[in-house]
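Note that these values count all heavy atoms, side chains included, but never hydrogens, waters or copies made by symmetry.
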Amino acid sequence: MPRIPDHVIDAIQARADIAEWVGRYIPLKRAGRHFKALCPFHQERTPSFIVNTDKQIYHCFGCGAGGNVFGFLMHQEQLDFPEAVRMLAEQLGVPIPETSRADEQRFAKANDLLRVTETACKYFERVLDHPDHGKSVRAYVAKRGVSDEARKRFHLGLAREGWRHLAQAAQASGLSTEQLEAAGLVSRSDTGCYDRFRNRLIFAIQDVRGRVVGFGGRSLDDQPPKYLNSPETAVYIKGHHLFGLAQAREAMTATRRAVVVEGYFDCVTLVSLGIRDVVSPLGTALTPDQVRLLKRYVDRVVLAFDPDAAGESATLRGIELLLEAGLEVSVAKLPDGVDPDEYALKNGAAAMERLLEKSESLFDVFLREARLRHPGNRIENRVAVARQVLSNIAKVSDALIQREYVRRLAQTLDMEETAVNAELHKLLGRPAKEMRRPTALAPTSGSTGASMNGSERLATALILDDPARAARVAAVAQPEHFRDAGLRALYERIQLLRADGVDLTAAQILSRLEDEGQSRLAGELLGLAETIDDKEAALEETLLRLRRQARSKHLRSLQDQLRQAQDAGRDEDVDQLLNEYQQQVKGG
């Protein structure tokens, strides 16, 4: 999808009053110049959610959420940024120009395909609902634990036995053979075209917005393949979608959990039983795009793949991507030979929920897999197990969880924790002593690092509050002076935007932050700025601290260079560095 030009985003933002749009979702109460409400993103009794109409931003002082009108819609409607912009543009009547004739043709083709898949979906549903054609298949679906409500919610359908039922029905609706072929619904042979799906139970594959983009078909006569999916088209790329996401996203947002299963029936049956935060990766191992979709809605993922070799392999492949995305991961331990839908049907929803909540930690999964590869209790076997488990622990982003896994691994294998810790840090490429203070914890308030980060944080917050302050901060601090990587990246992005010569508001800066982490940090910093009464005095104090920090850093650098020159016997360099050092000290 082409990038929406900044000037168009700005035009949409200028026409969308944030108070009006937030007020469509939650009741707002005026508080002085701004509005206040109970936060829609977390449970609270006292309103801490503020809508600032001057800056066209919102911030919650309870949970830290913050952003502009696009960010609010992204949270409420679970959209990505371009989707939120386009939704608002449609509502406000602001046209979004496409970047080229090729783009226009591509979108027209996509819309045409969506019309074809939607028409086919309705046809399949009608056949399954037919008193005669669908009777036996409806009984089969019910036997598999799928309620009528779930059957309709997931748009289950039926492809009849025969070669041209869909093709004839679609053509009667005005669709051409070429359109059906482009949508992957018919195939060609020497004798003509024929239906791709025949004598199959049909599962509609929808995108996150609920549009039908493809189909999965389960054989009803055990003819291979057991499952047949649509081929990839302009609107359906298998690794970009999750089956059931359109139905599950509301529940996933509420529970902050996703249960990932392998099969269509696993998903639909669990939803029928009341476990609604369930999705399936469409018969593949999880892909990076699917993981990014999950991360929009959840913090925690429970993998509940079938307990066979293929399911175990898919579990292990999915774990690494989920960890890299910073998601909490666990694995449901199903009895051998029992699929999730079978277990839930036999034991009930409550038992299935207990199994999901008691899912294995990643440490147990890592250890079990390593012991299968290196059985035995000899020291060589235990060392091999340790190294394999550590290679997985190294992928865990949370330092506290890493520490706990190291402790458990050392205890389980009867090894020295310091030695196991040192081995982990070899893999991480940093000294083991860093483990003494987890990266997830901030330095104490009296430390130099905390002081520096505090000044950097306040300076960036004050710039976001009023971007005109950016020039004054830039005269004192360059991005490379920032110790905190997140603050450094955000500060650098703001200064680059400023360098373009355009005067931007805080809300416009938020619209130009493409990185999700930067957007979240910017929202927090805007909230911080709102707590400061005298912002001009705060800026002057912050600039003074940044100057002192820059001078201290420069002095330390001169000291290091001076020692090196003395050790190397470079007398001329020593004299020059000593003179510069003395001048800096006098100047302070």
Side-chain angles (χ1 to χ4, degrees), residues 116-117 119-148 150-172 177 180-181 183-206 212 214-233 236 238 243-244 261-272 280-284 305-306 308-311 337-346:
V116 175
T117 51
T119 300
C121 180
K122 290 176 180 176
Y123 165 76
F124 290 136
E125 288 184 274
R126 286 198 303 273
V127 176
L128 183 57
D129 282 333
H130 192 278
D132 298 324
H133 300 319
K135 183 177 180 181
S136 62
V137 181
R138 290 196 304 274
Y140 165 70
V141 169
K143 186 179 178 181
R144 293 292 301 261
V146 178
S147 65
D148 287 344
R151 174 166 61 85
K152 294 182 184 300
R153 188 178 181 199
F154 281 88
H155 303 285
L156 268 60
L158 172 63
R160 292 172 59 191
E161 188 173 8
W163 292 95
R164 289 185 49 80
H165 290 299
L166 171 64
Q168 291 169 351
Q171 286 168 350
T177 301
L180 294 171
E181 188 175 13
L185 289 165
V186 300
S187 301
R188 287 187 181 274
S189 69
D190 295 338
T191 57
C193 71
Y194 58 92
D195 293 349
R196 177 180 178 85
F197 297 102
R198 304 179 304 280
N199 198 23
R200 289 180 179 272
L201 175 65
I202 299 296
F203 296 86
I205 300 169
Q206 297 171 275
V212 178
F215 301 95
R218 189 198 188 284
S219 174
L220 293 170
D221 56 7
D222 294 325
Q223 288 295 313
K226 183 177 179 181
Y227 282 96
L228 177 68
N229 284 340
S230 291
E232 293 195 347
T233 67
Y236 173 60
K238 185 163 57 174
F243 178 74
V261 296
E262 276 187 88
Y264 295 113
F265 266 121
D266 291 326
C267 186
V268 179
T269 300
L270 263 60
V271 171
S272 291
S280 166
L282 295 164
T284 68
F305 291 155
D306 297 348
D308 53 22
V338 180
D339 295 344
D341 62 325
E342 294 172 335
Y343 182 89
L345 270 178
K346 181 179 179 181

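Arg164 is listed as a side-chain neighbour of Cys193, based on a closest heavy-atom distance under 4.5 Å. With a 4.5 Å cut-off on side-chain heavy atoms, Leu345 and Phe265 do not count as touching. The closest side-chain heavy-atom distance from Ile202 to Glu125 is not below 4.5 Å. Phe124 has its side chain out of reach of Leu156: every pair of non-hydrogen atoms, C-beta onward, lies at least 4.5 Å apart. Contact check for Tyr194 versus Leu166: no side-chain heavy atoms found under the 4.5 Å cut-off.
Residue Cys121 comes nearest to Ala204 through the heavy atom pair SG-CB, 4.0 Å, listed as atom of the first residue, atom of the second, then distance. Of all non-hydrogen atoms in Asn229 and Phe197, the two that sit nearest each other are C-CZ, 4.1 Å. The minimum heavy-atom distance between Arg151 and Val146, with the atom names listed, is N-CG1, 3.8 Å. Closest of all the heavy-atom pairs between Ser272 and Ser147 is OG-N, 3.2 Å. Closest heavy-atom contact between Leu201 and Gly157: CD1-O, 3.3 Å.
Donor-acceptor pairing under 3.5 Å is recorded for the side chains of Thr177 and Gln171.
Applying the side-chain hydrogen bond (donor to acceptor under 3.5 Å, both in side chains) criterion to Gln206, with sequence neighbours excluded, gives Gln247. Partners of Phe154 according to the ring pair (Phe, Tyr, Trp, His ring centres under 6.0 Å) rule, which considers only residues two or more places apart in sequence or in another chain, are Phe243.
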ask   = Yes or no on side chain to side chain contact (heavy atoms under 4.5 Å, CB included) for Arg153 and Val271, after CA distance, side-chain angles and deciding distance?
value = CA-CA 10 Å; Arg153 188 178 181 199; Val271 171; 3.6 Å; yes

Side chain to side chain contact (heavy atoms under 4.5 Å, CB included) assessment of Tyr264 paired with Ile205 = CA-CA 10 Å; Tyr264 295 113; Ile205 300 169; 3.8 Å; yes

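A donor-acceptor pair is defined here as one N or O able to donate and one able to accept, closer than 3.5 Å; such a pair exists between the side chain of Ser280 and the backbone of Glu262. Checking side-chain atoms of Arg196 against main-chain N and O of Leu185 turns up no donor-acceptor pair under 3.5 Å. The backbone N or O of Val212 lies less than 3.5 Å from a partner atom in the side chain of Thr117, making a donor-acceptor pair. In this structure a side-chain-to-backbone donor-acceptor pair under 3.5 Å is present from Ser230 to Phe215. Judged purely by atom type and a 3.5 angstrom limit, Glu342 uses its side chain to pair as donor or acceptor with the backbone of Asp339.
Salt-bridge formation is detected for the pair Arg188/Glu181: a Lys NZ or Arg NE/NH1/NH2 atom is positioned less than 4.0 Å from an Asp or Glu carboxylate oxygen. For Asp195 and Arg198, the salt-bridge test fails: no basic side-chain N is under 4.0 Å from an acidic carboxylate O.
No more than 12 heavy atoms of other residues, nucleotides or ligands lie within 6.0 Å of CD in Glu161, so this atom counts as exposed by the packing criterion.
Relative ring orientation between Phe203 and Tyr227 is described as tilted, the plane-to-plane angle lying within the 30° to 60° band.
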For a quick test of your reading: what N or O donor-acceptor pairs under 3.5 Å do the side chains of residues 136-145 make, sequence neighbours left out?
unit_1, atom_1, unit_2, atom_2, d
Arg138, NH1, Leu128, O, 2.7
Arg138, NH1, His130, O, 2.8
Tyr140, OH, Arg144, NH1, 3.0
Tyr140, OH, Arg218, NE, 3.3
Arg144, NH2, Asp341, OD2, 3.0

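Taking CG of Asn199 as the start and CD of Gln223 as the end, the distance is 9.0 Å to the nearest 0.5 Å.
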